[in-house]
Each structure stands twice: as C-alpha cells, then as structure tokens.
Amino acid sequence: PEAADLRALARHLYEAYLKYFPLTKAKARAILSGKTGEKVPFIIHDMKSLIEGEQFINCKQIPVLEHQKQMSAVAVGHGVSGIPAAHSGSDFGSLGSGIGGMTPDGVELRLFKSYQSRSAEAVREVTEFAKSIPGFIDLDLNDQVTLLKYGVIEVLIIMMSPLMNKDGTLISYGQIFMTREFFKSLRKPFCQMMEPKFEFGVKFNTLELDDSDMALFLAVIILSGDRPGLLNVKPIEQLQETVLHSLELQLKLNHPDSLQLFAKLLQKMTDLRQIVTDHVHLIELLKKTEVDMLLHPLLQEIIKDLY
Amino acid sequence: KEKHKILHQLLQNSTSPGDL
C-alpha cells in the first residue's frame, strides 16, 4: 500500500481511539505528573482512604467539594503534596503496607465488583473501536466474536499501562489513584491480581508510545489471525498486515531515534498472552473459592473456555 | 452463538452501558 494510505489509516484509527476511549495516555500522564492544576486525583492507599473514596469508584464525575476536601485530607495527613509521580521517588509506596490483617471482610469482593463493571464497560468501548477498524465488520460475524473474545483482555491490559506508574494506577476515569501497595495489601488471591499488570505496565511505558501509536498497536492485537476457532483466517491476516505496515511507518516517523521499537512492540504481544492466561486462571480460581462472588455475564462469556 | 450472546449484541448494535 501507498504511504499516504498507511498514514490515512493511522489517522483514522487515532480518531476512533479518541472517540471511544475516555481517558487517553496524554490526559493520564498529565494527571500523573501533576500538570492538571487543581484537579488532582483522590488517593486510595489504605482502608481509611478506601472507605472515604469507595463511593466514587467508577463515578464519571466526582463531586468537586467532597473530592477536594478529601484529597487535601489525604495530602496533609501524610505529607504528600500532589500525587506520587513516577519520578518523585517518594515514600508513598509504603503507605498502604501493614494493613493486610485489618482488611474487613467483603472489601475485596466490593472492589472486584467495581473492577468488573468498569471492565464490562471497557469491553464495549473496545468493541466499538474494533468495529471502526476498516474491514473488521465485513469479517464473518463468528470471527469478529472470536477476535474480541481473545483480544479484549490483551487490549485492556495494554490500555491500563498508561494509567500506571511504579507506585499505583489511575482508576475512575483518572479521578482516583490507587496505590500498588494497597492492591498488595488485599487478601489472597486478590492481592495477586494487579502486580503482574504493574510489572508489565511499567516496562511497557518505557517504550514511550503516544496515543496515536497505541491506536495502531491495539488494532494489530485485535486482528490476530492465530486465535483458536477462527473460520476464515486469510482476510484477518490481510487486514493485520496493512495495519502492521501502518504501525511500522508510524513508529519510524514518530520515534526516529528509538531503535527496534517496532520489533520490541511485537515482542510485547507474546508477553501479553502469558499475562492473560494467568489472569484467566486467577478468575477461575476466584470462581471456585469465592462463593459470594458474582461474575459479570459479559466477562463470563469472554473468559469461558478461553485458555 | 448462544455462548457469546452479549458479544454478538455488542457487535451488531451500539449497546448503551446501561444495557450491560
């Protein structure tokens, strides 16, 4: 394909990405580096701040007064000004530790329920993005389902990376920052859910992709012709080939000094599959051990017989 | 098809978040 066509494809996917994904990397990085002025996220780093902030998890708009009041309480109470940016090297990482024994029953299940409802919403966003990939909706409908079933968790893990730094992650559309130590303080096996995503995310962020690079990379992941059970692989591979060309060109133009970035990115696709396999096994374990846990029907559909 | 009912729905129409 002509370079002009490949650039047009990159632009189209970037526009779709901006349309369907509410929190871009650009916005998340601005929040994480404290460049958003007075709008700072509420920090959840222990049970007390969780109790204060839990009602706002998954809120699209946290009430300003409440939010600011609580934010300053957290900031003053712990001598944290602003939020723990990746470069700050603050002692923030230790704030959430040592509370494992105090965890009230049910907190993990409530958090997991919130995580599920945001994930189901995110699956819808990814589906709309997939439908915007030229040629996707012309594929066999069963193959579209298979591509989403196998691709969507990989996409969601990639999309979490820009929201993370080594100390924690933004949630609730960037309005709450939940610390990595807090996740680690939850009871087993919930404490094991996020750590692999942090490890992946922190490494992934060193590649310094921007939102326009991400849009192409996500499309490449969705268009994987080797998913089990695909009926008609050829047209999927052809679509992926074009997006791969577009991604390669995009990276050359956008990151001229980053050596082997394209190859490094493709390598990440292999790492992702292992993370998804482990994630699915963890959810299956939860299904067996947590009698009170309800699994969202959409997530159930995706996870069932996946790996 | 029955196994992936919601995914089918999402692919065929724009489902609003409330429907999920």
Side-chain angles (χ1 to χ4, degrees), chain A residues 16 19-22 58-60 113-133 135-153 155-156 173 222 227-231 294-306, chain B:
Chain A
K19 184 174 172 189
Y20 295 116
F21 300 133
N58 289 350
C59 270
K60 290 217 166 158
K113 197 179 165 200
S114 303
Y115 147 82
Q116 286 198 71
S117 82
R118 180 66 187 101
S119 300
E121 172 64 18
V123 170
R124 191 190 60 82
E125 292 161 8
V126 173
T127 307
E128 292 304 318
F129 175 74
K131 281 153 76 177
S132 78
I133 302 171
F136 184 86
I137 52 167
D138 304 321
L139 298 170
D140 185 299
L141 184 59
N142 294 296
D143 284 348
Q144 294 180 41
V145 168
T146 302
L147 292 179
L148 273 175
K149 182 182 171 81
Y150 283 89
V152 76
I153 305 179
V155 166
L156 294 184
Y173 310 93
I222 293 168
R227 306 297 192 190
L230 285 174
L231 303 172
L294 289 172
L295 203 53
H296 191 290
L298 174 56
L299 304 182
Q300 217 159 299
E301 264 187 33
I302 291 167
I303 280 167
K304 195 163 191 279
D305 306 320
L306 191 69
Chain B
K1 230 176 181 180
E2 274 304 298
K3 262 174 72 183
H4 300 108
K5 216 171 117 189
I6 310 175
L7 276 177
H8 269 98
Q9 269 173 12
L10 286 175
L11 281 162
Q12 289 185 297
N13 2 285
S14 294
T15 308
S16 75
D19 298 337
L20 287 179

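Everything quoted here is computed from the prediction, not taken from an experiment. Here is how names work: the chains are called A, B, and so on, in the same order as the sequence lines, proteins then strands, and each is numbered from 1.
B/Leu10 has its side chain out of reach of A/Glu128: every pair of non-hydrogen atoms, C-beta onward, lies at least 4.5 Å apart.
To the nearest 0.5 angstrom, B/His4 atom NE2 is 7.0 Å from A/Thr146 atom OG1. Taking CG of B/Leu7 as the start and CG of A/Leu147 as the end, the distance is 11.0 Å to the nearest 0.5 Å. With rounding to the nearest 0.5 Å, the separation of NZ in A/Lys149 from NZ in B/Lys3 is 6.0 Å.
Each of A/Ile137, A/Thr127, A/Val152, A/Val123 has some count of heavy-atom pairs under 4.5 Å with chain B, and the biggest count is that of A/Thr127.
Across A/Glu301, A/Arg124, A/Gln300, a single residue satisfies side chain to side chain contact (heavy atoms under 4.5 Å, CB included) together with B/Ile6, and that is A/Glu301.
Of all heavy-atom pairs between A/Asn142 and B/His8, the closest is OD1-NE2, 3.9 Å.
Judged by distance alone, with hydrogens and angles left aside, the side-chain atoms of A/Gln144 form no donor-acceptor pair with the main-chain N or O of B/Leu11 at under 3.5 Å.
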